[in-house]
Amino acid sequence: MPTYQGIIFDLDGLLFDTERLYYQATQEVADVMGIPYDEATYHGYIGISDDELWRIYHDLYDTDFGQEKVDQFITRSFNRGIEMFENGEAHLKEGALELLTYLNKKRISKVIASSNQRRIIDILLNKVGIREEFEAIFSFEDVKRAKPDPEIFQLAHQFLSLPKKQVLVLEDSQNGVLAAHRAKLDVVMVPDLIEPTPATKAKTTHILPSLLEVPAFLEM
C-alpha cells in the first residue's frame, strides 16, 4: 500500500499544458502593442500569482510605456489566455488521467493548490470534466501570499488532516517546490518549461519526467 494517502496537485504546467499558452497569449499582445517581451521574460516569473506578475510588468514597462498602456497590455493578455482556455486549447499533461485513475483505485485523497485564480481553475477543470476528481481546490484568493510562500500548501495539508509524512506535493516550478519545502512537505517535481537547478533538486523528494511515472513512484 502506498505510503502517501494525500496528494496536493499544482495546476498550471503540472496538470495542464497552460504555461505555453500563457506565454503565447502575452507575446501576441506584446507584439501588437510594441512592447518588448520574450520567452526568457516569461520564464523568469513562472509559478507566481497574477497580481505579483502584473506588478512586475508595471515595474518593467511603466517608465517607457506609461501605466495606462501597461494596464491595457495586462488586460488584453489575460483575456486572450482565457479565450484560449474556453476554446479548449489547454490540454491535460501526459499521464494526468492515468494518475487520477490510479489514485482513485488506491483511495488516495486529491486536492489542488494553485497560484491561479479560482475562475480560471474552474474553466480548465470543467472543460475536461475532472472537477469532481478533487476534494478541495485552493487558489490565490485563499491566501495572503502566493508561492513560494508555503501558505497555500499549509492550507491544503490542514484540509487533508493527514500526517505530513503521508502527504505528497506534485509541482512543476521552482517556486512551487520551494513553497512545498518551506511547508515541510515531500515534493516530487515534474518539470515543465524550465529544468530544475541543483538548488531546486536538493529540495525535492524525486524528479520525474512526466505524470505517467508517478504511480510507480508511489508504489516504491
Side-chain angles (χ1 to χ4, degrees), residues 6-29 39 42-43 45-54 74-104 108-143 146-148 151-153 155-156 159-160 168-177 179-180 187-194 208-212 214:
I7 306 294
I8 303 175
F9 285 82
D10 178 47
L11 188 84
D12 292 298
L14 187 279
L15 269 177
F16 286 89
D17 191 15
T18 49
E19 297 292 2
R20 290 173 180 80
L21 294 181
Y22 284 125
Y23 166 67
Q24 181 183 333
T26 307
Q27 189 67 65
E28 285 179 9
V29 174
E39 197 165 359
Y42 179 77
H43 284 182
Y45 307 110
I46 288 175
I48 66 174
S49 70
D50 287 338
D51 283 351
E52 289 174 312
L53 179 62
W54 297 340
I74 290 168
T75 299
R76 290 171 62 179
S77 300
F78 180 77
N79 289 340
R80 176 65 180 127
I82 290 179
E83 180 183 11
M84 289 177 164
F85 300 157
E86 290 178 335
N87 288 340
E89 296 181 46
H91 303 297
L92 283 168
K93 296 294 291 283
E94 181 184 28
L97 290 178
E98 291 87 345
L99 175 55
L100 294 175
T101 298
Y102 167 84
L103 296 175
N104 288 337
I108 296 175
S109 298
K110 311 180 294 296
V111 300
I112 286 175
S114 169
S115 293
N116 212 330
Q117 298 181 31
R118 180 58 186 265
R119 169 191 173 193
I120 296 177
I121 295 171
D122 287 341
I123 289 173
L124 291 168
L125 295 177
N126 289 328
K127 200 71 181 177
V128 297
I130 62 169
R131 168 60 188 87
E132 300 307 316
E133 291 283 347
F134 301 94
E135 296 174 27
I137 296 172
F138 299 92
S139 66
F140 99 102
E141 290 98 336
D142 297 310
V143 295
K147 304 171 190 176
E151 183 181 8
I152 197 164
F153 287 135
L155 280 176
F159 173 84
L160 288 169
L168 178 68
V169 175
L170 297 178
E171 265 286 355
D172 70 290
S173 73
Q174 175 177 306
N175 280 335
V177 169
V187 54
V188 165
M189 186 179 191
V190 183
D192 183 32
L193 298 183
I194 302 176
L208 297 173
S210 79
L211 295 176
L212 282 172
V214 175

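Ring geometry, Tyr42 versus Tyr23: the interplanar angle falls from 30° to 60°, so the pair is classed tilted.
Side-chain contact check for Val169 versus Asp10: every heavy-atom pair is 4.5 Å or farther apart. Side chains of Asn116 and Thr18 form no contact here, defined as non-hydrogen atoms less than 4.5 Å apart. The shortest distance between side-chain heavy atoms of Ser173 and Ile194 does not fall below 4.5 Å. Using a 4.5 Å cut-off on side-chain heavy atoms (C-beta onward), Leu125 and Ile137 make contact. Within the 4.5 Å cutoff, no side-chain heavy atoms of Val214 are placed close to those of Ile7. Looking only at side-chain heavy atoms (C-beta outward), Ile120 and Phe78 come within less than 4.5 Å of each other. Residues Leu124 and Asp12 meet the side-chain proximity criterion, which asks for heavy atoms closer than 4.5 Å. Within the 4.5 Å cutoff, the side chain of Leu97 has heavy atoms near those of the Ile130 side chain.
Glu141 contributes a side-chain N or O that, together with a main-chain N or O of Arg118, makes up a donor-acceptor pair within less than 3.5 Å. Side-chain atoms of Asp142 come within 3.5 Å of backbone N or O of Ser139 as a donor-acceptor pair. In this structure, Lys110 contributes its side chain and Glu133 its backbone to a donor-acceptor pair below 3.5 Å.
The structure places CD1 of Ile46 at 12.5 Å from OG of Ser115, a figure rounded to the nearest 0.5 Å. In this structure, CG on Leu160 lies 6.0 Å from OG on Ser109, to the nearest 0.5 angstrom.
Here the closest heavy-atom approach between residue Met84 and residue Leu21 is recorded as SD-O, 3.7 Å. For Ala25 against Gly81, the heavy-atom pair with the smallest separation is CB-N, 3.8 Å. The shortest non-hydrogen separation linking Val190 to Asp172 is O-CB, 3.2 Å. Here the closest heavy-atom approach between residue Ala96 and residue Leu15 is recorded as CB-CD2, 4.0 Å. A pairwise comparison of heavy atoms in Glu86 and Lys127 identifies O-NZ, 2.7 Å as the closest pair. Residues Val29 and Ser77 share a closest heavy-atom pair of CB-OG, 3.6 Å.
In this structure, Glu98 places its CD atom where more than 12 heavy-atom neighbours from other residues, nucleotides or ligands lie under 6.0 Å away.
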- request: Determine, stepwise, if the pair Tyr22 / Leu53 fulfils side-chain contact (heavy atoms from CB on, under 4.5 Å).
  value: CA-CA 12 Å; Tyr22 284 125; Leu53 179 62; over 6 Å; no

message: Under the criterion side-chain contact (heavy atoms from CB on, under 4.5 Å), I'd like the reasoning laid out for Leu155 against Phe159: C-alpha separation, chi angles, the key distance, then a yes or no.
response: CA-CA 6 Å; Leu155 280 176; Phe159 173 84; over 6 Å; no

task: Could you give me the CA-CA distance, side-chain angles and deciding distance for Val143 and Phe138, then say whether side-chain contact (heavy atoms from CB on, under 4.5 Å) is met?
output: CA-CA 8 Å; Val143 295; Phe138 299 92; over 6 Å; no

message: Please determine whether side-chain contact (heavy atoms from CB on, under 4.5 Å) holds for the pair Tyr45 and Glu52, giving the CA-CA distance in whole Å, both sets of side-chain angles, and the decisive distance to 0.1 Å.
response: CA-CA 9 Å; Tyr45 307 110; Glu52 289 174 312; over 6 Å; no

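Residues that satisfy the side-chain contact (heavy atoms from CB on, under 4.5 Å) test with Ala113, not counting sequence neighbours, are Ile8, Ile152, Phe153, Ala156. Residues passing the ring-ring contact (aromatic ring centres under 6.0 Å, His included) test with Phe16: none are found, sequence neighbours excluded.
Remark: Lys93 engages Asp192 in a salt bridge, criterion side-chain N to carboxylate O under 4.0 Å.
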